[in-house]
Amino acid sequence: MAKAKKAKAGAKRTARKTSRKVVKLAARKPAKATGAKKANGNGLPRPSAKPYGQAGKALEGVKILDFTHVQSGPTCTQLLAWFGADVIKIERPGIGDITRGQLRDVPNADSLYFTMLNHNKRSITVDSKNPKGKEIIERLIKYCDVLVENFAPGALDRMGFTWEHIHKLNPRMIVASVKGFGPGPYEDCKVYENIAQCTGGSASTTGFRDGPPLVTGAQIGDSGTGLHLALGIVAALYQRNRTGRGQKVLAAMQDGVLNLCRVKLRDQQRLKHGPLTEYSQYGEGIPFGEATPRAGNDSGGGQPGWIVKCKGWENDPNAYVYFITQAPVWEKICDVIGKPEWKTDPDYATPRARLPRLREIFDTIEQWTMTKTKLEVMEICNPLDIPVGPILSMKELAEDESLRKTGTVVEVDHPTRGKYLTVGNPIKLSDSISEVKRSPLLGEHTEEILTKVLGYSAKELAEIKSSGAITAEDKKKAAA
Ligand code: COA
């Protein structure tokens with residue numbers, strides 16, 4: 001008995017020795033809250049005594065295998081990186097994320113398209129179709145907590161990384177994907193931003209009633225879906241603390257856009273019960289059709305609003321202001337625009353009476369705003385609680401001092417392109433302060449990740465290099 005036990009222990013030791021590296025990388029047990037003493041039975045660590053902002057980042061310790069490209073996926077992983085996750089971006093040797101070379105403004109430097117979506121990440125080049133490359137990715141799967149991808153439907157499976165395979169390698173791994181559509185007739189389609197805007201209900205409800213559908217400049221299909229995916233990942237990480245296992249997270253672009261357009265689906269259902277009285281077409285006596293119409297610049301809520309011209313509009317395409325005729329401040333609006341008689345006139349005094357007259361009301365407001373600059377309108381209306389919003393150009397936003405101070409607009413230095421402006425983390429956590437670090441050069445961290453993260457020896461690194469798995473040049477040599 002004792003002999004058998006001894007032999008078993010010996011065999012275990014040998015097995016441990018031979019597979020030491022693998023053991024290190026194998027799926028880990030749920031992490032214990034290190035050094036955290038339980039407080040009064042509520043299961044949470046005691047509140048940190050460190051000053052706010054100095055107790056580590058929100059997602060510190062989370063490892064992301066970033067298999068994303070273009071905009072939607074990179075938006076998601078950039079956010080996770082800003083919250084402190086270690087994001088390892090896998091790129092194709094010699095090419096990288098296609099956006100590195102798209103819309104280039106500085107010759108031979110990564111484009112702003114790429115740099116502005118890939119801050120705070122590390123880049124490793126790996127050919128996922130090369131056997132050695134597959135091996136590296138498998139080790140990364142064992143090491144990381146989340147794999148994020150936004151390839152065309154089926155591309156990850158074709159590489160050999162099916163959910164089943166990934167889950168077998170690392171049962172704790174969360175596999176998060178952006179796709180154009182969820183399961184259904186279009187699930188195999190490739191999708192870009194404007195396609196999602198069109199299929200998610202945004203285009204049919206954007207623009208003027210008598211014009212064609214319009215897409216919006218805000219990247220609600222790409223960046224919007226990346227945001228949705230990031231929330232799904234954080235939720236899955238939280239659930240994993242309880243279940244110990246990973247899960248699939250899917251954010252379809254059509255779903256994300258529809259979610260952002262939910263007020264328009266609200267209006268679709270309201271149509272059954274009568275006209276949409278807050279739409280200016282109601283006041284103009286134009287009948288409604290079967291679907292939610294385009295509403296021009298009508299306010300989406302119950303408070304009528306419109307974009308009106310300001311002083312200088314003849315030469316400045318952005319000399320406009322959004323003006324909301326919010327009911328509680330109607331009397332102040334009447335005074336400001338020089339129509340005090342409207343306060344008591346039954347045709348104007350109540351929101352309901354005003355609905356059929358909105359066009360005339362906004363024309364009158366515009367007569368006043370055209371005598372002021374958009375910022376003067378803001379200065380006059382804000383102290384009176386009249387909601388107005390100047391139409392700010394990208395130039396004005398880029399130069400805005402307050403946005404610089406909060407880190408929403410940040411200047412970043414880059415070794416090949418020099419200084420550029422970017423949008424920093426728009427979500428501010430008081431105890432997890434985001435710093436914006438420049439995007440990585442293609443493959444900048446390949447060796448670092450292979451040796452320091454995955455533990456490959458110098459000899460193994462040389463083998464990997466000659467296999468063509470990580471460099472485009474070596475790949476050609478290997479093929480020759
Ligand atoms: N090594 C080797 N091959 C790699 C690789 C790597 N490191 N990284 C990617 N590839 C391969 C893929 O395996 C795929 O090959 P396959 O077609 O033989 O399977 C190929 O590169 C191209 O990937 P794909 O995703 O099809 O790129 P695309 O340029 O043709 O399509 C999109 C781009 C965005 C339309 C498509 O990826 C897509 O629909 N994604 C989901 C929706 C989405 O995110 N859209 C918004 C983008 S902002």
Side-chain angles (χ1 to χ4, degrees), residues 65-79 88-103 111 113-114 116-118 121-138 140-141 147-162 175-184 186-200 215 218-230 232 249-257 440 442-443 445-446 449-450 464 467-472 474-475 478-479:
L65 180 49
D66 181 4
F67 227 155
T68 69
H69 64 158
V70 205
Q71 186 182 162
S72 64
T75 301
C76 165
T77 50
Q78 178 170 259
L79 267 174
I88 298 175
K89 182 171 173 107
I90 299 190
E91 298 184 78
R92 215 191 307 207
I95 304 166
D97 187 327
I98 189 100
T99 58
R100 283 188 186 267
Q102 283 179 337
L103 311 176
S111 71
Y113 195 1
F114 176 83
M116 290 178 72
L117 285 162
N118 290 284
K121 304 181 185 176
R122 297 199 271 177
S123 165
I124 175 172
T125 50
V126 184
D127 182 347
S128 64
K129 291 172 180 159
N130 173 298
K132 207 71 188 155
K134 275 189 203 299
E135 182 198 305
I136 294 167
I137 294 172
E138 290 193 347
L140 281 167
I141 288 172
L147 184 155
V148 192
E149 65 93 21
N150 68 311
F151 290 123
L156 198 64
D157 289 357
R158 286 194 291 279
M159 286 180 192
F161 297 110
T162 59
V175 179
S177 305
V178 169
K179 294 289 166 258
F181 296 92
Y186 307 119
E187 65 188 328
D188 292 331
C189 297
K190 290 189 174 184
V191 169
Y192 285 104
E193 171 68 46
N194 288 345
I195 295 177
Q197 289 197 22
C198 293
T199 57
V215 293
Q219 304 288 281
I220 57 175
D222 280 344
S223 286
T225 310
L227 274 162
H228 281 89
L229 191 72
V249 180
L250 171 67
M253 294 168 77
Q254 182 184 41
D255 301 11
V257 171
L442 179 61
H445 305 98
T446 302
I449 291 163
L450 290 175
I464 289 170
S467 74
I470 56 169
T471 52
D474 289 341
K475 197 177 169 190

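Remember, predicted model here, so these are calculated numbers, not experimental data. Throughout, numbering of the chain's residues begins at 1 and tracks the sequence. Whatever order the structure lists ligands and atoms in, that order sets their numbers, starting from 1.
Protein heavy atom closest to atom 9 (C) of ligand 1, with residue, atom name and distance, is Phe151 CE2, 3.4 Å. What sits closest to atom 27 (O) of ligand 1 on the protein, heavy atoms only, is His69 CE1, 3.6 Å. Protein heavy atom nearest atom 45 (N) of ligand 1, with residue, atom name and distance: Val191 O, 2.7 Å. Among protein heavy atoms, atom 25 (O) of ligand 1 sits closest to Ala152 N, 2.8 Å. Of the protein's non-hydrogen atoms, the one nearest atom 40 (N) of ligand 1 is Asn150 O, 2.9 Å. In this structure, the protein non-hydrogen atom closest to atom 14 (C) of ligand 1 is Lys129 NZ, 4.0 Å. The protein non-hydrogen atom at the shortest distance from atom 29 (O) of ligand 1 is Tyr192 OH, 4.2 Å.
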(request) Please test Glu91 against Lys121 for salt bridge (Lys or Arg N to Asp or Glu O under 4.0 Å), starting from the C-alpha separation and ending with a verdict. (result) CA-CA 12 Å; Glu91 298 184 78; Lys121 304 181 185 176; over 6 Å; no
(request) Verify salt bridge (Lys or Arg N to Asp or Glu O under 4.0 Å) between Lys89 and Asp97, making sure each step is shown before the conclusion. (result) CA-CA 9 Å; Lys89 182 171 173 107; Asp97 187 327; 2.8 Å; yes
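Applying the 4.0 Å criterion to heavy atoms of Val178 picks out, from ligand 1, the atoms 41 (C), 44 (O). Taking a cut-off of under 4.0 Å to the non-hydrogen atoms of Gln71, the atoms of ligand 1 that pass are 48 (S).
Of the possible polar contacts, none joining the Asp127 side chain to the Arg92 backbone as a donor-acceptor pair under 3.5 Å is found. Between the side chain of Ser111 and the main chain of Tyr113, a donor-acceptor pair closer than 3.5 Å is present. Using a distance-only test at 3.5 Å, with no hydrogens or angles considered, no donor-acceptor pair links the side chain of Lys179 to the main chain of Asp188. For the pair Gln254 (side chain) and Ala196 (backbone), a donor-acceptor distance under 3.5 Å is absent.
Residues Gln219 and Gln71 have side chains that bring a donor and an acceptor to within less than 3.5 angstrom of each other.
Using a 30° and 60° split on the angle between ring planes, Phe181 and Tyr186 fall in the tilted class, from 30° to 60°.
With distances taken over non-hydrogen atoms, the option nearest atom 7 (N) of ligand 1 out of Ile137, Val126, Ile90 is Val126. Distances from atom 11 (C) of ligand 1 to the heavy atoms of Gln219, Lys179, Arg92, Lys134 show the closest one on Arg92. Remark: among candidates Asp127, Val70, Asp222, the nearest residue to atom 46 (C) of ligand 1 is Asp222, based on non-hydrogen atoms. Here the shortest heavy-atom distance to atom 19 (O) of ligand 1, taken over Met159, Lys190, Arg158, Met253, belongs to Arg158. Compare Cys189, Ser128, Gly160, Cys76 by their heavy atoms: the one nearest to atom 5 (C) of ligand 1 is in Ser128.
Ligand 1 lies out of reach of Gly73, whose nearest heavy atom is not under 4.0 Å from it. Using a 4.0 Å cutoff on heavy atoms, Glu193 does not count as a contact of ligand 1.
Shown here are the side chain to side chain donor-acceptor pair (under 3.5 Å) partners of Gln78, two or more places apart in sequence or in another chain: His119.
Across all non-hydrogen atoms, the minimal contact from His228 to Ala251 is CB-CB, 4.3 Å.
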